[in-house]
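Order of listing sets the numbers, starting from 1, for every ligand and every atom in it.
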Amino acid sequence: MVQAVRGMRDVLPQEARRWRLIEDQVQEVLHSFAYEEIHLPLLEFTELFARGVGEATDIVEKEMYSLADRDGDSLSLRPEGTASCVRALQEHGLLYNQTQRVFYSGPMFRYEKPQKGRYRQFYQIGAEAFGFDGPDVDAELIVLGAQCWDALGIADRVQLHINTLGSGGAREAYRSALLDYLTPLAPQLDEDSQRRLNTNPLRILDSKDPGTQLLLADAPRLPEFVDAESQQHFEQLQETLTQLGIGFTCNPNLVRGLDYYTHTVFEWLTEDLGAQGAVCAGGRYNGLVERLGGKPTAAAGFALGLDRVALLHEVAHPESPAHAVDVYVCYGAAELSAAAQELGIRLRQALHDQGGRTWKLRVHMGGGNFKKQLKKANASGARWAILLGQEERAANQVTLKDLRDGTQITLGEGGAVSKLIEG
Ligand code: HAM
């Protein structure tokens with residue numbers, strides 16, 4: 001039997017029901033903020049991510065799934081959505097003289113070491129805002145996240161961490177100060193940090209190694225390098241968040257693993273998922289549009305990790321969300337099979353129209369007597385069974401059976417619909 005590729009996970013029906021619920025609620029929040037959905041390709045030129053995410057990042061250095069196209073172009077499965085989003089809006093002239101607020105969702109691919117909450121194919125829902133340079137939009141993106149946690153009932157399990165990286169220049173100055181400090185100490189750093197010294201020294205601040213953390217205690221600190229304008233932007237963001245009642249922690253070690261950030265960065269962290277604590281992350285990336293060939297454009301966004309949000313949702317709400325089936329239709333004889341399907345079509349429509357939502361109505365397949373069919377109905381988790389026998393059919397009626405207490409009543413289709421909706 002051929003198995004799934006390592007790090008590529010199947011989301012089976014029971015888990016997928018939870019995912020659906022989360023995706024629907026998050027997308028509803030995004031729609032309510034009037035963000036517009038876009039769909040982006042899974043494959044892009046490798047160069048997009050090399051230039052966008054940064055040559056020296058872990059993602060581009062060692063985590064991309066890259067392949068040569070038949071004509072020799074190097075393509076990569078997208079490791080994230082921001083660079084693609086910029087590429088698409090820029091390519092279609094949608095960043096010219098206008099603002100944009102968009103969202104996307106779907107799988108991303110990174111060749112990471114798989115573990116709980118970290119996969120090689122994982123899912124993000126991302127939101128990006130273009131053309132706004134004030135801290136108000138940073139705050140809006142954070143509020144969007146907060147409203148998602150409220151809607152999902154996990155608000156008390158996530159904490160917001162924020163930081164500012166300053167302008168691009170400030171970041172460069174800090175980078176070289178950090179390098180000057182750490183280079184003589186290189187032999188004492190952990191292995192990962194030694195490698196990062198040459199590629200992405202800011203990421204060393206993220207190191208979990210206690211020895212490295214000890215060395216960092218006396219290192220130059222990022223806030224001392226942040227320019228006044230950026231500091232003011234950051235202070236205004238904090239004031240707005242306070243006014244909006246959103247709690248946060250300022251974390252000067254929060255630097256993020258992608259190269260495009262400037263000014264604000266933020267992460268929503270949880271303590272309930274062990275090492276993979278970041279459920280959502282983002283920030284401002286004012287330089288990216290220009291880096292990818294466009295005009296200088298202010299931009300900010302975030303991406304929420306659906307796999308991790310789903311794990312957290314399960315911790316908070318262990319019961320399985322929603323039933324797979326609401327109503328199970330059984331029929332009394334083989335020749336009633338098509339009539340049962342017809343009945344199903346009518347009932348779905350009536351329940352939708354009168355009940356104001358989609359009802360999950362499954363029609364029995366494969367025959368068998370009522371007893372056998374009712375066994376299937378019970379196993380499906382449905383609250384209700386509808387029985388269609390020859391007599392009911394002749395009288396234009398159905399029998400509605402409450403599978404919780406076994407009571408049943410024979411009535412017309414319209415009556416059955418009303419009774420189902422009443423509950
Ligand atoms: P990121 O921090 O790389 O940022 O990913 C965002 C979120 O995706 C993480 O907080 C995490 O929840 C989830 N995630 C990342 N890698 C994995 C993985 N291997 N397995 C499971 N979940 C994962 C970005 O991707 C930026 N594009 C976010 C952004 C949008 N910044 C501005 N706009």
Any atom of ligand 1 sitting under 4.0 Å from a heavy atom of [X]?
{"X": "Gly126", "answer": "no"}
{"X": "Arg256", "answer": "yes"}
{"X": "Tyr123", "answer": "no"}

Would you say ligand 1 has an N or O under 3.5 Å from any N or O of Asp307?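 Between Asp307 and ligand 1 (N or O atoms, distance only) the closest approach is not under 3.5 Å.
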Can an N or O of Gly81 be found at a distance shorter than 3.5 Å from an N or O of ligand 1?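 Gly81 vs ligand 1: no N/O contact under 3.5 Å.
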Provide the number and element of each atom of ligand 1 under 4.0 Å from a heavy atom of [X].
{"X": "Ala303", "answer": "6 (C), 7 (C), 28 (C), 29 (C), 30 (C)"}
{"X": "Gly305", "answer": "8 (O), 12 (O), 13 (C)"}
{"X": "Val279", "answer": "10 (O), 12 (O)"}
{"X": "Gly117", "answer": "20 (N), 21 (C), 22 (N)"}
{"X": "Glu128", "answer": "30 (C), 32 (C), 33 (N)"}
{"X": "Gly282", "answer": "31 (N)"}
{"X": "Phe302", "answer": "29 (C), 30 (C), 32 (C), 33 (N)"}
{"X": "Arg118", "answer": "19 (N), 20 (N)"}

Which protein heavy atom lies closest to [atom], and at what distance to 0.1 Å?
{"atom": "atom 20 (N) of ligand 1", "value": "Tyr119 N, 3.0 Å"}
{"atom": "atom 10 (O) of ligand 1", "value": "Ala278 O, 3.4 Å"}
{"atom": "atom 19 (N) of ligand 1", "value": "Glu112 OE2, 2.6 Å"}
{"atom": "atom 26 (C) of ligand 1", "value": "Tyr260 OH, 3.3 Å"}
{"atom": "atom 30 (C) of ligand 1", "value": "Thr82 OG1, 3.0 Å"}

Would you say the side-chain atoms of [X] pair up with the backbone N or O of [Y], donor to acceptor, closer than 3.5 Å?
{"X": "Thr212", "Y": "Asp190", "result": "yes"}
{"X": "Thr270", "Y": "Arg157", "result": "yes"}
{"X": "Arg51", "Y": "Arg291", "result": "yes"}

Please determine whether the number of non-hydrogen atoms from other residues, nucleotides or ligands lying under 6.0 Å from atom [atom1] of [X] exceeds 12.
{"X": "Glu28", "atom1": "CD", "answer": "no"}
{"X": "Lys62", "atom1": "NZ", "answer": "yes"}
{"X": "Arg118", "atom1": "CZ", "answer": "yes"}
{"X": "Gln3", "atom1": "CD", "answer": "no"}

Heavy-atom closest contact (Arg175 atom, Asn198 atom, distance):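 Scanning both residues completely, I find the closest heavy atoms to be NH2-O, 4.5 Å.
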Best match, Trp268, Tyr285, Phe122, Tyr261: closest heavy atom to atom 28 (C) of ligand 1: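 It is Tyr261 whose heavy atom sits nearest to atom 28 (C) of ligand 1.
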Minimum non-hydrogen distance to atom 5 (O) of ligand 1, winning option of Gln276, Gln124, Glu80: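 Result: the heavy atom closest to atom 5 (O) of ligand 1 is in Gln124.
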Apply the test salt bridge (charged side-chain N to carboxylate O under 4.0 Å, His left out) to residues Arg357 and Asp326: give CA-CA distance (whole Å), side-chain angles for both, the deciding distance (0.1 Å), then the verdict. CA-CA 12 Å; Arg357 68 172 174 92; Asp326 298 316; 3.5 Å; yes
Can Asp58 and Arg196 be said to form a salt bridge (charged side-chain N to carboxylate O under 4.0 Å, His left out), step by step? CA-CA 9 Å; Asp58 282 352; Arg196 285 179 169 152; 2.6 Å; yes
For Trp19, does the six-membered ring have the charged nitrogen or CZ of Arg17 within the cation-pi criterion, i.e. under 6.0 angstrom from the centroid and within 45° of the normal?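 No - Arg17 does not lie over the ring of Trp19 by the 6.0 Å and 45° rule.
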Tell me whether the guanidinium CZ or amine NZ of Arg9 lies under 6.0 angstrom from the six-membered ring centre of Tyr119 and within 45° of its axis.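 Yes.
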Proximity of Cys280 to ligand 1 by residue part, where a heavy atom lies under 4.0 Å: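 Backbone only; the side chain of Cys280 stays clear of ligand 1.
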Among Arg284, His263, Glu235, which residue meets the side chain to side chain donor-acceptor pair (under 3.5 Å) test with Ser230?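 With Ser230 as partner, side chain to side chain donor-acceptor pair (under 3.5 Å) holds for just one option, His263.
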